[in-house]
Amino acid sequence: MAKPRKPKPEDPKPAHSGAVVRHQKLCLSIDTNLRRIYGYTELEIEVPDIGIVGLHAENLGIESVLVDGEPTDFEYYPRNQSSDIEKRWVSAVSSPSSAADVAAAAYVTALETELIPNLLINCCNKMQIEQINTEPNGVQSSAEVKQNVKSVRVNYWVEKMETGIHFEDNVVHTDNQIRRARCWFPCIDDNNQRCCFDLEFTVAHNLVAVSNGSLLYQVLSKYEPPCKTYVYRLDVPVTAQWISLAVGPFEILPDQHNGLISHMCLPPNLPKLRHTVEFFHNAFSEYEQYLDAKFPFGSYNQVFLSPEMAISSSTVGASLCILTSQVLFDEKVIDQTIDTCIKLAFALSRQWFGVYITPEAPNDEWLLDGLAGFLTDLFIKKFLGNNEARYRRYKANCAVCKADDSGATALSSSFACKDLYGTHSIGLLGKIRSWKSVAILQMLEKQMGPDFFKKILQAIICRAQSTTCPVRSLSTKEFRHFANKIGNLERPFLKEFFPRWVGLYGCPVLRMGFSYNKRKNIIELAVLRECTATIDSSVSVLNANPDSENRDGDIGWPGVMTVRVYELDGMSDHPDLPMAGDAWQLLEIACHSKLAARRYQKPKKGSKPDGSDDNGDLPTVDMRSSVDSPLLWIRADPEMEYLAEIHFNQPVQMWINQLEKDEDVVAQAQAITALESLPELSFSVLKALNNFLTDSKAFWRVRIEAALALASTSSEETDMAGLQHLVKFYKSRRFDTDIGLPKPNDFSDFPEYFVLEAIPHAVATIRAADRKSPREAVEFILQLLKYNDNNENPYSDVFWLAALVQSVGELEFGQQSIYFLSSLLKRIDRLLQFDRLMPSYNGILTISCIRTLTQIALKLSGFIHLDHVFELIKPFRDSKTIWQVRIEASRALLDLEHHCNGINAALLLFIKYIEEEPSLRGQVKLGVHAMRLCQIQGGSVSGEDIKATTLVALLHLLESRIAFNNVFLRHYLFCILQVLAGRSPTLYGVPKEKLPCMGNVEICNEQKNNFGAPVNEIRPPQPQPQPPMENPSHSNHSHDNLAIPEASKEVDTVSNSHDRKTAVVKIRVKQSATSSKAEEADNGTAERSEGGERSEGRRNHDADRGATSSVSVDAPQRNSAEAVSISNQNIEEVNSFHDHGSRITASIGSAKIASEGDNFGKELQCTADSGNASVHHQPDDPSSPSIIQDNYIDAEAKKYASLQTPSISRDDGPPFQEKEKEKKKKSKKKKKDKEKKRKGEEHKGERNDPEYLEKKRLKKEKKYKEKEMARILGEVKAASGELKSKKEETTSLTQMGDNKQEADNMNSSEPPKVVTSKLETRTEPTQPTSAPKFRIKIKSKPLSKS
């Protein structure tokens, strides 16, 4: 069998269009007063042999297109919204589950549609087209049509500045959302296309235009009004996604330490900007020093805009980063410092890994994301301290271990990366994947050493900056090669490491305990290894050996884990714990200290076994164990060499020793977590936690954990000792001992400030026996609010007050503390009024007051009217308020609505707020909050909790312009509908082949097929199955990028409901060689999306017969007893003809809802196969029991065939009955002959042979199929005859549509009619042709009752 031709190695063309952009120039004029953007883009394109170039363009008005300076034909299909969205979904959506199915279909369809170019440009002249079409046998000669480079110029203007680029007063800026660069300039918006750019932007003379690359020069025009043109050049090839622009009256602040860096902001924020970026040159030089290379771009610019303008806190572009001004801070703000430094450092690291070094494939994005995070961790370690870096990594690893339980977190899996169209980087799962990527790279660094890992990164950058043959892409396979060659890691280890950690999901869970053997002086360590996820599916992916000794399918992890033992004589490491093999393991670790054995003495009479007498205090058992052994404490994986969840059991005194004596912040945090979870707390535990809290030398973040642990351990059983310790500690630091009141604020000691700021929150979480806050806790917080004094403090107390206010919301008021509520509310109201007159930093104080008032209202909803709280918070949603306050007010109102009226009312209010919210970032925050409310609801929401109209409204919002403009909001809307159905909020795992049938959005009502013949070779990148319904204009491009010449604009279609079962009909037609040759010149192809992959497989399998394609139609279900309503959606069906033949597959679903006495169902399969094979009957072929001639092939269907659906009666006439009798006679004769053969003497010795019995069984099945064929054949013949007689009625029937058919079915009580399809083909009468003959296979498959 002939194999498919492989592409040439030297051909770097993408699979979707064959076009390669070598260079692109973008020239735009921007008028901020008239809000207009117009200009042109000029692309130097390597045009494929087909001569057609496909670009992406949305929200643009295309004025003209020129190729090498001459006007050319083009086709532009902008994205339009269907007006009958709600009407289509009313019947399909009846429950949250069905709404989730429809949402998945709509979301996947929209994402796949975005992959397809919608601006098609003819880059070949008429002579070239004639050469292509006049080639003999329709085959194009590669020698005649040579590859060439064209200059394509597109003159356009931006119609809608809704996404991609935005106007805000006199500021213009872009956002780098996924696949939204096309919304402000035509391009090939694909991650595989990278080129250099020349950028020119003409703006008003008082504005500054900041873009990518190096600023070459500025030109000031002499015209009125005066304008200024900024000319940039980007010499590094990047994708269109990284092209950014910011225009506004910016203040420019050159960096004092590095001339390549410039910081820009609006004039009011210049003082904050000056203070914020003082550290930035340190991160810039640190990255250059570590990578041993200069910054890859000619300059680096940071632009800070107001938060209302941006869609996220940072938008990364090539040599440019657009951030929100809310990350800026002055010298008075403390809390924002660390977060801003890390955010700016990460944005800079993305310039190296992500923009300059790009992933080779979607499955390699994890590597670049992880390397950027790795660089950021280096900055944190050097400039914020090693404790900060280790603590952050420890918390990130804990979060990954909890969330890494499904395939959505597999880093290099096609199902979790490429098939999700970039949505895997959105939301919480995106953060989990990023943290996991960094953790895996740090594991590799631990394995090979920091110096070797550093050399690997330097080699990657050096290879990219090579002047001879630069390589700026990086794949997982290449990085694995570097780890072997440069990192000196062995291949067997890497062969296990990357598939297990990168290709699969799940982290190890280790449950460990030990026993000290005094006689042998050894530690007997028992270990049980588990996984955070079920390994069954992972094993199948990894193709593990089924004969392995691993228990419960656990395939383990490569390498060994280190156990660190702290003894009286010192510390020792034991890398003895294998991470693979048996899940249960018992290790023996030798102790190096014998001090305990030497000091052990036999107890005297009258004394305790531990040597104490009756008069002394009774020591605990844990203290005795420390005397009886030389062990102080034990740690597993102390250097975090593994991304693992470890549960270690050791005596309480050993945990206390670890907390007090181990200087590692991770060991301290682990000890606090273990002590907090003890079922019984002793005085020594509380004392150890309190001592750690008061230790000013300890890391402040761990001290906060100790404070929270004291709060959680405070109870009536411990006489509220934790509360007393917390209050005593706070008063010792902040109270005046003489008057007993708080001192004026003094925040000069930053670590102490952070610890004291967390104390009110810890106190507010303490509960008494009645689950209410103790009176002392309420009085303490009221006292802090009442006597707060910040007059002499040089630092702002806004975050301090916000923490106090939020602690009020965490209180639970009982009978003893309810009297303090009025005083607390007065203080909160006072702060609200004060913040309204003098707004705080980013509205932090108002936000905390709104949040606290909402929490109190929800807790006391039985005693107060929530309507009053609603009216109190509602004014903060005014458009004049700042963005953060407006969104917090909307969240609070959603919480109140959810508490009062349920999830249905909350979602309706959410939809209203989304439509009213002007900022994209605000919409995203509301979407996240609405998803959280749905998750609080828990499980699958019943139909009683949420109405179908609300689900339809959410679906309408999912396909609206609002969702298209905001890809993050669209993703959260999809997640909301999935959570309502009790599913995971991710696109991972959505079975595309089972998506419901639904209509797609319209792209264009009329197509201009001026050059449709050459377009049929354009293919989308790696086509995926799509929902089957397409309109004529969309199907030509969304699945195969195919424009069919003279395609009919109205095609009759029928669809079935998404949750109904259908029977399948396949027709196989074999045409003669002459007829197939007549069609070889017509090379139009239109593949159905749902069967695209299967048809590709058939083309490879049937290479001898020629190329194939498939199309299918799903017909509505019918019931013999009752009528079923049919959906009003339309499907476009276009058949295809390739060079050597064609296979046409028509699926006509005719499943039925069976009544009590009618439980049968039929499956009719036919396949139309045209090729150069003979059309003569082959009597030996058992799969073709009958032959039917079709002599009425329509002569008008020359280049395509359309499927239409007339209704045909099932009544069998006399001619059909006679033919049926003849057919039965022939079949009986054939059966007798076969029976004689079966009973022959030659088979007597084979009747006990298994092969003979299998053949016998197959013959019986074939016999049964022939009987079923005889029963159904009459119906098929009747349909064929009726089709010929009603040939003239087809046009009128197809124009009537499905509405009349549905109405007739609903009002008719007659038996259902068979719905078939008319297959129209057109052959060119070059020579006499024989009529094609049909081979019919009929299968019967009973359908279960619906």
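When reading the values below, keep in mind they use all heavy atoms of this one structure, side chains included, and skip hydrogens, waters and symmetry mates. Positions are given from 1 along the sequence.
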> Listed by chain and number, what are the salt bridge (Lys or Arg N to Asp or Glu O under 4.0 Å) partners of Arg830, not counting sequence neighbours?
Replying inline: none
>> Taking salt bridge (Lys or Arg N to Asp or Glu O under 4.0 Å) as the definition, give me every residue that meets it alongside Glu888, ordered by chain and number, with sequence neighbours left out.
In response: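 Listed in chain order: Arg851, Arg891.
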> Going through the distances and angles, do Gln336 and Asp339 end up as a side chain to side chain contact (heavy atoms under 4.5 Å, CB included)?
Replying inline: CA-CA 6 Å; Gln336 188 64 41; Asp339 292 340; 4.2 Å; yes
Residue pair [X] / [Y], side-chain donor-acceptor N/O under 3.5 Å:
X: Gln783; Y: Tyr787; value: no
X: Asp789; Y: Asn745; value: no
X: Glu676; Y: Ser712; value: yes
X: His761; Y: Gln806; value: no
X: Gln884; Y: Gln326; value: yes
X: Asn901; Y: Glu897; value: yes
X: Arg836; Y: Thr846; value: no
X: Thr694; Y: Arg703; value: no
X: Ser682; Y: Glu680; value: no
X: Glu645; Y: His647; value: yes
X: Asn904; Y: Thr950; value: yes
X: Ser313; Y: Lys343; value: yes
X: Asp405; Y: Thr532; value: no
X: Asn793; Y: Asp746; value: no
X: Asp895; Y: Thr854; value: no
X: Glu705; Y: Tyr391; value: yes

From [X] atom [atom1] to [Y] atom [atom2], the distance as rounded to the nearest 0.5 Å:
X: Ile766; Y: Ser773; atom1: CD1; atom2: OG; value: 8.5 Å
X: Thr986; Y: Leu429; atom1: OG1; atom2: CG; value: 5.5 Å
X: Asp867; Y: Leu872; atom1: CG; atom2: CG; value: 12.5 Å
X: Ile759; Y: Ile781; atom1: CD1; atom2: CD1; value: 11.0 Å
X: Leu782; Y: Leu824; atom1: CG; atom2: CG; value: 5.0 Å
X: Ser312; Y: Ile426; atom1: OG; atom2: CD1; value: 11.0 Å

I'd like to know if the side chain of [X] and the backbone of [Y] have a donor-acceptor N/O pair within less than 3.5 Å.
X: Ser732; Y: Phe729; answer: yes
X: Arg767; Y: Ala764; answer: yes
X: Asp662; Y: Ala667; answer: no

>> One pair to check against side-chain hydrogen bond (donor to acceptor under 3.5 Å, both in side chains): Tyr841 and Asp330. What are the steps and the verdict?
In response: CA-CA 10 Å; Tyr841 175 78; Asp330 54 21; over 6 Å; no
> Does the pair Leu785 and Leu831 meet the rule for a side chain to side chain contact (heavy atoms under 4.5 Å, CB included), with working shown?
Replying inline: CA-CA 10 Å; Leu785 268 176; Leu831 291 174; 4.2 Å; yes
What pair of heavy atoms forms the shortest contact from [X] to [Y], and how long is it?
X: Ala857; Y: Ile864; result: CA-CD1, 3.7 Å
X: Trp883; Y: Pro307; result: CE3-CB, 4.1 Å
X: Ser848; Y: Val805; result: O-CG1, 3.6 Å
X: Thr276; Y: Val327; result: CG2-O, 4.2 Å
X: Ala802; Y: Leu845; result: N-CD1, 4.0 Å
X: Ile432; Y: Val400; result: O-CG2, 3.9 Å

Check this for me: [X], atom [atom1], are more than 12 non-hydrogen atoms of other residues, nucleotides or ligands nearer than 6.0 Å?
X: Gln816; atom1: CD; value: no
X: Lys431; atom1: NZ; value: no
X: Gln833; atom1: CD; value: yes

For a 4.5 angstrom cut-off between non-hydrogen side-chain atoms, does [X] reach [Y]?
X: Phe876; Y: Ile850; result: yes
X: Val928; Y: Arg932; result: no
X: Ser714; Y: His725; result: no
X: Ile334; Y: Phe754; result: yes
X: Glu917; Y: Arg886; result: yes
X: Arg733; Y: Leu756; result: yes
X: His929; Y: Phe910; result: no
X: Leu804; Y: Val808; result: no

>> Evaluate Tyr730 against Phe780 for ring pair (Phe, Tyr, Trp, His ring centres under 6.0 Å), listing each step before the verdict.
In response: CA-CA 10 Å; Tyr730 191 94; Phe780 174 72; 5.4 Å; yes
> Between Asn842 and Ile882, does a side chain to side chain contact (heavy atoms under 4.5 Å, CB included) hold up when you go through it step by step?
Replying inline: CA-CA 8 Å; Asn842 290 336; Ile882 63 175; 5.6 Å; no
>> Between Val685 and Thr713, does the side chain to side chain contact (heavy atoms under 4.5 Å, CB included) criterion hold? Intermediate values first, please.
In response: CA-CA 10 Å; Val685 173; Thr713 58; 6.0 Å; no
>> Could you check whether Arg877 makes a cation-pi contact with Tyr913, meaning its NZ or CZ is under 6.0 Å from the centre of the six-membered ring and within 45° of the ring axis?
In response: yes
> Who pairs with Trp700 by side-chain hydrogen bond (donor to acceptor under 3.5 Å, both in side chains), at least two apart in sequence or on another chain?
Replying inline: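 For Trp700 there are no side-chain hydrogen bond (donor to acceptor under 3.5 Å, both in side chains) partners, ignoring immediate neighbours.
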> Where does the angle between the aromatic ring planes of His971 and Phe974 fall among parallel (under 30°), tilted (30 to 60°) and perpendicular (over 60°)?
Replying inline: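 Aromatic pair His971/Phe974 classed tilted.
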> Is the ring centre of Trp800 less than 6.0 Å from the ring centre of Tyr795?
Replying inline: no
